[in-house]
Amino acid sequence: MYVAVKGGERAIDAAHAWLAEERRGDTSVAELSTVQIREQLSLAVNRVMAEGSLYDPDLAALAIKQARGDLIEAIFLIRAYRTTLPRFGASIPVETAEMAVSRRISATFKDLPGGQILGPTFDYTHRLLDFKLAAEGQVPEAPTAPARLEPVPHVMGMLGRDGLIQSEAPGEETPPDLTREPMELPASRPLRLQAITRGDEGFILSMAYSTQRGYGRTHAFVGELRIGTVAVELDIPELGFAVQIGEVELTECETVNQFTGSRTEPPQFTRGYGLVFGQTERKAIAMSLVDRALRWKELGEDFTGAPAQDEEFVLMHADNIQATGFLEHIKLPHYVDFQAELELVRKLRREALASREAAE
Amino acid sequence: MIAAPPAAEDRQRWMGLFARATPAQLSDLMKDLPAHSVLRGPEVGAVMVRGRVGGTGQPFNLGEMTVTRCTIRLDCGTVGHAHVQGRDKSHALRAAVLDALLQTDRAEALRASVLAPLEAAEAAARQQRAAKAAATKVEFFTLVRGEDK
């Protein structure tokens, strides 16, 4: 039997009105604009774009405001919005080697062509609260030095020349798209990378950390981490050529992993790869570790039972919108389900008591 | 009226420039649009941005970006087209009209009044960013210890 229950409408309207008021907060404090969020909370904006799978800083800022700073709720809003957009096509794969870098470091080579460029990083800050930020003030301009505009080469290319590192199989196959077809396991590496780059930062971080602590150890070094902008090009059929349709900021991490060889592969360095929208360094490093851990089968390594090696475990639990949806649905009315459970427990108790009395 | 069709490379260059410009930059440089009819859009949609495994291998889907496209025709019959980043319809419309005008005999004037300032602004922004990055480049030096003497 299905019983429809109505009557919450007035309560829901009132709840939404109060939500709007709480979102605004104390009206004697100036209202936050979405432009302020875009410019001053840019790392939150980047996370919402990466996990919302939609590069649009203005929309991400709006979502953060609407969600009162709850980033998973903001990601949910972006995911919902993107389903309303017609898909014009897919870009030509971006050339990260051509990136205009604002940050580029390597933990494996001290002296490398193009140098170690720190960029606007939190590294080397003392993590002491800066009370000057609590007061309004002008920020001194960052120093400059003679610029080089030519792209800096990928560090991996240097190791690749000597055959010391596994090379990536080239290809032009159309990659699977989990936003169009349900994810099928076992997943190809392109499908895994799509799932991880939009996966929850906290989950991917913990999975990566677990490999460092010994659960599917992969001995990773950051071969190169780079942050910067790349042009996005799209083939326009009606023109007969490709044009640049804009620029996106990306974070790319390539790990170099110690590998002593396996039944199928010679000793060499292997690679993990992370590529994420925006300045999202923690996520990109974590992504490259998880990518490498998931490659055990292809590289002929043993499955040690580590969670980060388990493709189904990682890919089916990485999405925070799916996880939130299923987790939070249990707070919605389950009156009829629960009534049935209640009846069942009462019946079992009656039977248990009756049989105990009979035994006595 | 219609000038010789521009080399595809030239057209690619200005279309990319309009796509990367901000809506405000374009409207400041080109306030009034000539008479035209809209053939398509302006329409907001998404383009799936792809990367490559390891930077060099198989393509994979990274995520989408918002894009607005528009196609117009000037009264002289020249068709202009635009795909620009973001959701600003006036940006796409203006870019499409400019694309058409740059294929007509008004091209020379527009190269000076629109393309040149856009290119200069973009070059300056890139230069400034690169200069700040360059200032954060590490200059390693080695400390020499005494006991090796």
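In what follows, every chain begins at residue 1, and chains take the letters A, B, ... in the order their sequences are listed.
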What I'd like to find out is whether the side chain of B:Lys137 reaches to under 4.5 Å of the side chain of A:Arg104, using heavy atoms alone.
no
A:Leu54 versus chain B, heavy atoms under 4.5 Å apart: side chain, backbone, both or neither?
both
Side-chain contact test, heavy atoms from C-beta onward, threshold under 4.5 Å: evaluate it for A:Asp291 versus B:Val53 and give yes or no.
no
Interface moiety of B:Glu43 toward chain A, non-hydrogen atoms closer than 4.5 Å:
both
At a heavy-atom separation under 4.5 Å, does A:Leu250 approach chain B through its side chain, its backbone, both, or neither?
side chain
Donor + acceptor pair across side chains of B:Arg20, A:Gln244 (<3.5 Å)
yes
Quick one: closest heavy-atom pair of B:Pro59 and A:Pro190, and the distance?
O-CB, 3.5 Å
Just how far is it from atom CZ of A:Arg87 to atom CE of B:Met48, taken to the nearest 0.5 Å?
4.0 Å
For B:Gly51 and A:Leu275, the nearest pair of non-hydrogen atoms, with its separation, is CA-CD2, 4.1 Å
How many angstroms lie between atom CG of B:Leu62 and atom OG of A:Ser91, to the nearest 0.5 angstrom?
8.5 Å
Distance (rounded to the nearest 0.5 Å) between A:Leu191 CG and B:Asn61 CG
9.0 Å
Approximate separation, where rounding is to 0.5 Å, of A:Asp177 CG and B:Phe60 CZ:
12.5 Å
Would you mind checking which part of A:Val232 comes under 4.5 Å of any heavy atom in chain B, side chain (CB onward), backbone (N, CA, C, O), both or neither?
side chain
Measure the shortest side-chain to side-chain distance between A:Glu168 and B:Gln58 over non-hydrogen atoms and say whether it is less than 4.5 angstrom.
no
Against chain B, work out which of A:Pro175, A:Ala147, A:Gly52 has the most heavy-atom pairs shorter than 4.5 Å and name it.
A:Pro175
Does any heavy atom of chain B fall under 4.5 Å from the side chain of A:Val230, the backbone, both, or neither of them?
neither
Among A:Val243, A:Asp58, A:Leu59, who wins on heavy-atom pairs under 4.5 Å with chain B?
A:Leu59
Between B:Arg13, B:Arg87, B:Gln128, who has the most heavy-atom pairs with chain A when the cutoff is under 4.5 Å?
B:Arg87
Under 4.5 Å from any heavy atom of chain A - which part of B:His81
side chain
Counting only heavy atoms closer than 4.5 Å, note whether A:Tyr55 contacts chain B via side chain, backbone, both or neither.
both
Regarding B:Arg126 and A:Glu247, does a basic nitrogen lie under 4.0 Å from an acidic carboxylate oxygen?
yes
Mind checking whether A:Leu239 and B:Met15 have side chains closer than 4.5 Å, heavy atoms only?
yes
Below 4.5 Å from any heavy atom of chain B, which atoms of A:Leu193 appear? Answer side chain, backbone, both or neither.
both
Chain B contacts, top residue of A:Val276, A:Thr229, A:Leu149 (heavy-atom pairs, under 4.5 Å)
A:Leu149
Chain B contact via A:Arg271 - which portion, at a heavy-atom distance below 4.5 Å
side chain
Region of A:Tyr81 in contact with chain B, defined by heavy-atom distances below 4.5 Å:
side chain
Value rounded to 0.5 Å, distance of CZ in B:Arg11 from CZ in A:Phe241
5.0 Å
Select one option (side chain, backbone, both, neither) describing which atoms of A:Ala169 are under 4.5 Å from chain B's heavy atoms.
backbone
Main-chain N/O of A:Ala242 paired to B:Gln12 side chain as donor or acceptor, under 3.5 Å
yes
So which of B:Arg69, B:Glu139, B:Arg129, B:Lys132 has the largest heavy-atom pair count under 4.5 angstrom toward chain A?
B:Arg69
Leading residue by heavy atom contact count with chain B [cutoff under 4.5 Å; candidates A:Gly115, A:Gly272, A:Ser288, A:Pro143]
A:Pro143
Nearest heavy-atom pair of B:Ala19 and A:Gly246: which atoms, and what distance?
CB-N, 4.1 Å
Under 4.5 Å from a heavy atom of chain B, the part of A:Pro86 involved
both
What part of A:Pro57 is in contact with chain B, defined as an atom under 4.5 angstrom from a non-hydrogen atom: side chain, backbone, both or neither?
neither
Here the gap from A:Tyr124 atom OH to B:Thr136 atom OG1, rounded to the nearest 0.5 Å, amounts to 10.5 Å
Region of A:Thr197 in contact with chain B, defined by heavy-atom distances below 4.5 Å:
side chain
Could you check whether any side-chain N or O of B:Arg50 sits under 3.5 Å from a backbone N or O of A:Ala90, counting only pairs where one atom can act as donor and the other as acceptor?
no
So which part of A:Glu252 gets closer than 4.5 Å to some heavy atom of chain B, the side chain, the backbone, both or neither?
side chain
Side-chain touch A:Gln116/B:Phe140, heavy atoms, less than 4.5 angstrom:
yes
Interface residue of largest heavy-atom contact number with chain B, from A:Glu238, A:Lys110, A:Arg103, under 4.5 Å:
A:Lys110
Is there a side-chain contact between B:His83 and A:Ile236 (heavy atoms, below 4.5 Å)?
yes
Counting heavy-atom pairs under 4.5 Å with chain B, the top scorer among A:Glu254, A:Glu172, A:Arg198, A:Arg189 is A:Glu172
Is there a side-chain contact between A:Ile245 and B:Val84 (heavy atoms, below 4.5 Å)?
no
Measuring only between side-chain heavy atoms, which start at C-beta, is B:Met65 closer than 4.5 Å to A:Asp56?
no
For chain A, the option from B:Gly45, B:Ala21, B:Ala130 that forms the most heavy-atom pairs under 4.5 Å:
B:Gly45
